[in-house]
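One structure is given here, and the rest of the page talks about it.
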Amino acid sequence: MSIDPRVALQSLTSALEEHLAAASARRSDGDPAVEAAFFAVADAFEVYDDALYEAYGEVTPLQVIDEDDDEDEDDIDDEEDLEILQNSES
């Protein structure tokens, strides 16, 4: 049974709002409420992206990054990336 993309979008929006509320009320770096809200956003986004694809054959330009993927990203020099981006826009 497929999910209506509008319903999935509403769930994603709610998850984002809950994440903002948790982040603004953060009690510590490892606040479990923020972590739970983070994962709720990731889950809601994946449901939305799947529903959008099933209904319209379309996807968003966003991607949920695993912690394993994030380790590879640590090797990338942000200033170098910014310079490449700026040069490509010229």
By side-chain contact (heavy atoms from CB on, under 4.5 Å), T60 pairs with (sequence neighbours left out) F45, Y48, D49, L52, L62
Show the nearest heavy-atom pair for residues E54 and S2, with the distance to one decimal.
OE1-CB, 3.0 Å
So CG of L12 and CD of E46: to nearest 0.5 Å the spacing works out to 11.0 Å
Quick check on the hydrophobic clustering: are V41 and V64 connected, directly or via other members, by side-chain heavy-atom contacts under 4.5 Å?
yes
CG (D43) and OG (S11) are apart, to the nearest 0.5 Å, by 11.5 Å
Could you pull out the closest heavy-atom pair between P5 and A51, with the gap in Å?
CG-O, 3.6 Å
Side chains of H19 and F38 in contact at under 4.5 Å (non-hydrogen atoms)
yes
Rounded at 0.5 Å granularity, tell me how far CG in L20 sits from CD in E18.
11.0 Å
side-chain contact (heavy atoms from CB on, under 4.5 Å) with D31: which residues, sequence neighbours excluded?
R26, R27, S28, A33, V34
